[in-house]
Every structure is written in structure tokens, then in C-alpha cells.
Enquirer: 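First, the structure itself, so that you have it in front of you.
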Amino acid sequence: MQTIAQMSCNPAMGGVAKGQIIREIDALGGGSGIITDKTMIQFKMLNKSKGPAMWSPRSQNDRMRFAEEWRLLLENNHNIDFWQDMVIELIVKNKTVKGVKTMLGLNIKGKNVVLTNGTFLNGKIHIGEKNFKGGRTGERSSIGLSGFLQKAGFKLGRMKTGTPPRIDGRTINYNLLEEDTGDANAGNFSFLSQLSIKEQKPCFICHTNKKVHKILGEGFEKSPMFQGRITATGPRYCPSIEDKITRFKEKERHQIFIEPEGWNTCEIYVNGFSTSLPEEIQYKALTKIPGLENVKMFRPGYAIEYDYFPPTQLKHSLETKLIKNLYFAGQINGTTGYEEAACQGLMAGINAALSIDKKDPIIFKRNESYIGVLIDDLITKGTEEPYRMFTSRAEFRIILRQDNADMRLTPIAESLGLATNKRIKKLNEKKKIHRSAPDFN
């Protein structure tokens, strides 16, 4: 329970197309935008040089406060019960899920079950020639559930992702780095937010060089990726540093973002330096980056392999085709990123609840939301690599803007009972101001 809403990778939310998804989640009554605004340490509206359809909000967040605010939000909902345990099997009768079996030997009954397993299904962590079971650093992997689903007839695959080392900000010479500040007039994610943050924490930019690349190359003989110990497919749009210097040999340097993990911590996320090389190689290479010569490392980067289930085995409601009332959401479906997982979790939860009430599921068309594009892509095309959302995937991106997500989706949230009176009032006020805006009701 202490890892609820833990940001497993970078301490940031939103970005190109991902920011649109967070605003759609907020418009539907989800908490992602509200929590992001509460824990924001920097805000940027990306792609402002392009048309409004391309504008995408992105924030740096305080990792510890993000998890804390989510935990508080969940505990304040009296309809939510908590139980800490590991699910190892499902209870299935007549191809219909009836609940779950746990490692402690408990049978927990449920009319519907949603699986959101992240990178934990048979997770294996790789650091150089070392590998060990784990779903995230310091946390054990989930064993048993994958085998059960496979025996039930589900097709299974393996994917890979990675994370960079974390370093001590007190040992960085920031004078040698380029400061990367947020927008002068910071925005927000939630349509309910009244005020933007007054103070922002800067990120910094540095670059690798030939010396860094030479040291990294010396570790390739111990790289799990190049020696065949990792066979799963990794994210194309977030490659490891060793992958980048191999694929782009002509480039003499690669950009690295130095991102603070929060207001009151010295821990730094080294964005752009994801790696599974031996820890001594990681450290040696980092010290050849100007400004990081005396850096101390808190923990090394690593790669992680995990099971996923090709999403063509799902209906558009995210219910599985093989087992009735069973829903999959997030990385179990082959996606990558907090935002992609969050919108799937929201839709699986909504549709599971509607199913219990014997109501039709909510299924968005591709011209209605980025969420609809993402789910339709997964269900109809499947994915053999970690799926990431981009504006280019949305044919109707001109009308699926981040600023009109409430106009498009909040009326649906109201019909589902997910929109508060405050949210409905704000939407009606917005409609009065923008009388020329189309009515999406």
C-alpha cells in the first residue's frame, strides 16, 4: 500500500498527446489532473510554435507528494476498500470471473475484476551481467497469474522497458549546465484548478560526448541487451543510451535532462540516460559529462522484462474475450507511460461498473477522444512493442484539443454520475463565455 501511485520512472506527467489524455481523464471525473496540479514543481505547454491542436501540457512533479496526494484521495473515498496481498489466480466458473485467489490463501469474490499489473508479471531486472526477479527496484515480481491466464487460453508475450540512474543533486556543478525553466505563466491540467503555481523549480540540460560514448561502448560485452539475455522488445521512442549511441553512430552527443524529483529532495532523475549496463560503467560514463564530474549515484539504471497479453484479445470495453467480466488495463495490454495506463484504468473501471448495473459500456470513437484512439489502436491493431500515444496517431486531432476536453467529455461524465456539481457549473460557465464553441452534447 505504500507504493500506491508511485511514479516508477520519470517524475513528470503529460507531454505530447499524453497531456491531452490527462485533460480527457480530468474531464471524465478522474483524479490525474487534480493530483498533477497539486504536486507540480514545473509546467510547460509544449509545441506552442505549432497550431493549437498540437499544444500539449507537461509538468515536472514532486514524486513523494504525488503518491501521498493519491493515497489521501483514495482513502477519502469511503466506497474503496484496501487489501494488501498478491493475486496468484483468478476464480473462474463457466468462463466468467468470480473473484481472485491470493498468496495468503484468501478467496476474494467479485462480480468483475480489473487487472492492472504494470511491469510485475514475471518481472526480471537486468543490470549488466546480473539479473534477478522483480517488478520494480526493491519490489518482488508477481508470480502465478501469468501462468494461470496462459492455461486459460490467453496468448502471452514479453516486453522490456528501462530506467536511468538516480544521482545526488548536491554533487552536481550546475554552473556548467544549461538551465531549463518552466513557462512564465504556468498553466494546469484540471479544468477545476483555479490558480497556477507561483514558484517553479528548474530542470537543467547537459550532453554526452565522445568520452562518454567510448566508456559506454566498453561495457557492451556485459550488456544484457547486446549479449542476448534480453530478448523482449523495448520502447522505440524511449531507447536506452547504449541503443542510441549504437543506432546513431554519427551523433557525437545526446541531450540529457537533469530533472529534480521534488521540492525538498536532492534526488535527480537523469532523463535520456536509461541503461542496463553494469553499474560501474554507468557511473564512470556519468562522470565524463561536464558538470557531473564529481557526481554520486543513488542507484543504477536497469532494464526490466515483463509479461504482457496482446490486446487483440480484448473487446473495446477492455473486457477480455475469453473470460467474461475480466478487464485488462495498462502495461498488461502492451502500453507504456503513466497517462496511457491511467486512461485505460479509468475506462476499464467505468465499464466494469456499468456491467454490474447491466448497462452498455462506454466506447469512444476515434473522433471523440485520444482515449478512443488509443483503445481502438490496441484492440484492432495490437502491438508488438510498448505502445506510446502521439498526436500523429489521432486523425481528428484538429478537434481533439487539450483545451476542449471538458466540452467533449464532461457531459458524458455527468450522465455517468462522475461529474461533480462544481465541474458541471464550470462547464456551463465556459459554454456561456464561448457561445461560438460547438456543443458536443
Enquirer: Taking atom CG of Asn77 as the centre, does the number of heavy atoms from other residues, nucleotides or ligands within less than 6.0 Å exceed 12?
Expert: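 Yes, enclosed.
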
Enquirer: Does Ser56 reach the main-chain N or O of Met54 with its side chain, forming a donor-acceptor pair under 3.5 Å?
Expert: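 Side chain of Ser56 to backbone of Met54, a donor-acceptor pair under 3.5 Å: yes, one is there.
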
Enquirer: Is Tyr306 close to Asn117 at the side-chain level, that is, under 4.5 Å between some pair of heavy atoms?
Expert: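 With C-beta onward as the side chain, the pair stays apart.
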
Enquirer: Do Ser190 and Asp26 have side-chain atoms, one donor and one acceptor, less than 3.5 Å apart?
Expert: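 Side-chain D/A pair, Ser190 to Asp26: present.
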
Enquirer: Does atom NZ of Lys38 have more than 12 heavy-atom neighbours, drawn from other residues, nucleotides or ligands, at distances under 6.0 Å?
Expert: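 It does not: Lys38 NZ has 12 such atoms or fewer within range.
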
Enquirer: Given side chains that start at C-beta, do those of Met86 and Arg140 come closer than 4.5 Å, heavy atoms only?
Expert: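 Touching, per the 4.5 Å side-chain cut-off.
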
Enquirer: Less than 4.5 Å apart, any side-chain heavy atom of Arg166 and any of Pro164?
Expert: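 Yes, side chains in contact.
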
Enquirer: For the atom pair CD1 (Ile323) and NZ (Lys93), what is the distance rounded to the nearest 0.5 Å?
Expert: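 Atom-to-atom, Ile323:CD1 and Lys93:NZ are 14.0 Å apart.
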
Enquirer: Is any side-chain heavy atom of Lys98 closer than 4.5 Å to a side-chain heavy atom of Asn107?
Expert: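 They are not in side-chain contact.
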
Enquirer: After noting the C-alpha distance and the side-chain angles of Val270 and Ile167, does the key distance pass the side-chain contact (heavy atoms from CB on, under 4.5 Å) rule?
Expert: CA-CA 7 Å; Val270 191; Ile167 59 177; 3.7 Å; yes

Enquirer: State, yes or no, whether a side-chain contact exists between Thr287 and Val295 at a heavy-atom distance under 4.5 Å.
Expert: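 When only atoms from C-beta onward are counted, Val295 and Thr287 do touch, with a gap below 4.5 Å.
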
Enquirer: Measure the shortest side-chain to side-chain distance between Met347 and Phe364 over non-hydrogen atoms and say whether it is less than 4.5 angstrom.
Expert: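 Met347 reaches Phe364 side chain to side chain.
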
Enquirer: Could you check if a side-chain atom of Ile127 sits within less than 4.5 angstrom of a side-chain atom of Gln282, using non-hydrogen atoms only?
Expert: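 The answer is yes; the side chains approach within 4.5 Å.
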
Enquirer: Shortest non-hydrogen contact from Glu279 to Lys130?
Expert: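 For Glu279 versus Lys130, the nearest heavy atoms are OE2-NZ, 2.5 Å.
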
Enquirer: Are the side chain of Glu252 and the backbone of Lys210 linked by a donor-acceptor contact shorter than 3.5 Å?
Expert: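 No; judged by distance alone, with no hydrogens or angles, the pair does not exist.
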
Enquirer: Is there side-chain contact between Leu318 and Ile375, with heavy atoms separated by less than 4.5 Å?
Expert: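 The answer is yes; the side chains approach within 4.5 Å.
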
Enquirer: Have Asp37 and Ser193 got a donor and an acceptor in their side chains that come within less than 3.5 Å?
Expert: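 Yes, a side-chain donor-acceptor pair sits under 3.5 Å.
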
Enquirer: Has Gln84 got a side-chain atom pairing as donor or acceptor with Met1's backbone, closer than 3.5 angstrom?
Expert: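 Looks like yes, one N/O pair under 3.5 Å.
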
Enquirer: Would you sort out whether Thr39 and Asn61 count as a side chain to side chain donor-acceptor pair (under 3.5 Å), showing the intermediate values?
Expert: CA-CA 6 Å; Thr39 61; Asn61 289 82; 3.0 Å; yes

Enquirer: Go through the side-chain N and O atoms of Thr336 and Glu385 and say whether any donor and acceptor fall under 3.5 Å apart.
Expert: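 Glu385 and Thr336 do not have a side-chain donor-acceptor pair below 3.5 Å.
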
Enquirer: Is the Lys NZ or Arg CZ of Arg393 less than 6.0 Å from the centre of Tyr387's six-membered ring, within 45° of the axis?
Expert: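 Yes, cation above the ring, under 6.0 Å and within 45°.
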
Enquirer: Under 3.5 Å, side-chain donor or acceptor atoms of residues 141-154 against the rest of the protein: list the pairs with distances, not counting sequence neighbours.
Expert:
residue: Ser146; atom: OG; partner: Asp307; partner atom: OD2; Å: 2.8

Enquirer: The test is side-chain contact (heavy atoms from CB on, under 4.5 Å); show your working for Lys133 and Lys124 and say whether it passes.
Expert: CA-CA 4 Å; Lys133 292 180 180 179; Lys124 180 186 280 190; 5.6 Å; no

Enquirer: Is the Tyr174 ring parallel, tilted or perpendicular to the Phe204 ring (thresholds 30°, 60°)?
Expert: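 Taking Phe204 first and then Tyr174, their aromatic rings sit tilted (interplane angle of 30° to 60°).
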
Enquirer: Could you tell me whether a side-chain N or O of Thr208 sits under 3.5 Å from a main-chain N or O of Val212, the two making a donor and an acceptor?
Expert: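 No, because the side chain of Thr208 does not come within donor-acceptor range (under 3.5 Å) of the backbone of Val212.
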
Enquirer: So does Glu218 have more than 12 non-hydrogen atoms from other groups sitting under 6.0 Å from CD?
Expert: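 More than 12 within 6.0 Å, yes.
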
Enquirer: Going through the distances and angles, do Phe257 and Asn10 end up as a side-chain contact (heavy atoms from CB on, under 4.5 Å)?
Expert: CA-CA 11 Å; Phe257 288 92; Asn10 62 324; over 6 Å; no

Enquirer: Could you tell me the separation between the CE atom of Met40 and the CD atom of Gln200, rounded to the nearest 0.5 Å?
Expert: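 Output value for this atom pair is 8.5 Å.
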
Enquirer: Flag the pair Asp376 and Lys365 as a salt bridge only when some basic side-chain nitrogen lies within less than 4.0 angstrom of an acidic carboxylate oxygen.
Expert: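 No salt bridge links Asp376 with Lys365.
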
Enquirer: May I ask you to decide if Ser240's main-chain N or O and Thr275's side chain share a donor-acceptor pair within less than 3.5 Å?
Expert: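 Looks like no, no N/O pair under 3.5 Å.
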
Enquirer: Compare every heavy atom of Ile379 with every heavy atom of Pro311, then report the nearest pair and how far apart it is.
Expert: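 Scanning both residues completely, I find the closest heavy atoms to be O-CD1, 3.5 Å.
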
Enquirer: State whether Lys284 and Glu280 are salt-bridged, where the test is any N-O pair (Lys NZ or Arg NE/NH1/NH2 against Asp/Glu carboxylate O) under 4.0 Å.
Expert: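 Salt bridge: no.
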
Enquirer: Crowded around Asn94 CG? As in, over 12 foreign heavy atoms under 6.0 Å?
Expert: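 Not buried by this count: 12 neighbours or fewer within 6.0 Å.
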
Enquirer: Decide yes or no on side-chain contact (heavy atoms from CB on, under 4.5 Å) for Tyr327 and Ser355, but give the supporting numbers first.
Expert: CA-CA 11 Å; Tyr327 297 76; Ser355 169; 3.5 Å; yes

Enquirer: Between Glu339 and Arg58, is the closest basic N to carboxylate O distance under 4.0 Å?
Expert: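 The answer is no: the pair does not qualify as a salt bridge.
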
Enquirer: Would you check if the side chain of Glu259 reaches a backbone N or O of Pro11 as a donor-acceptor pair within less than 3.5 Å?
Expert: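 No: the side chain of Glu259 does not pair with the backbone of Pro11.
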
Enquirer: Output yes when a side-chain donor or acceptor of Glu24 lies under 3.5 Å from a complementary backbone atom of Ile371, and no otherwise.
Expert: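 Confirmed, Glu24 side chain pairs with Ile371 backbone.
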
Enquirer: Does Phe191 have Arg423 sitting over its ring (NZ/CZ under 6.0 Å from centre, angle to axis within 45°)?
Expert: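 Output no; distance or angle outside limits.
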
Enquirer: Just by modelled atom types, is the Cys9 backbone N or O under 3.5 Å from a matching donor or acceptor in the Thr163 side chain?
Expert: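 No: the side chain of Thr163 does not pair with the backbone of Cys9.
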
Enquirer: Determine whether Thr335 and Asn333 satisfy the following criterion, side chain to side chain donor-acceptor pair (under 3.5 Å), listing intermediate values before the conclusion.
Expert: CA-CA 6 Å; Thr335 59; Asn333 290 336; over 6 Å; no

Enquirer: Answer yes or no: does atom NZ of Lys321 have more than 12 heavy-atom neighbours from other residues, nucleotides or ligands under 6.0 Å?
Expert: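 Counting neighbours around NZ of Lys321, more than 12 heavy atoms of other residues, nucleotides or ligands fall under 6.0 Å, so yes.
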
Enquirer: From Arg408 CZ over to Arg23 CZ, what is the distance, rounded to the nearest 0.5 angstrom?
Expert: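 So the CZ of Arg408 and the CZ of Arg23 are separated by 10.5 Å.
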
Enquirer: Does any N or O in the side chain of Gln20 come within less than 3.5 Å of the main-chain N or O of Gln402, such that one atom is a donor and the other an acceptor?
Expert: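 Pair absent, no side-chain N/O of Gln20 close to backbone of Gln402.
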
Enquirer: Mark yes or no for whether Thr3, through its side chain, and Gln6, through its backbone, hold a donor-acceptor pair below 3.5 Å.
Expert: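 Looks like no, no N/O pair under 3.5 Å.
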
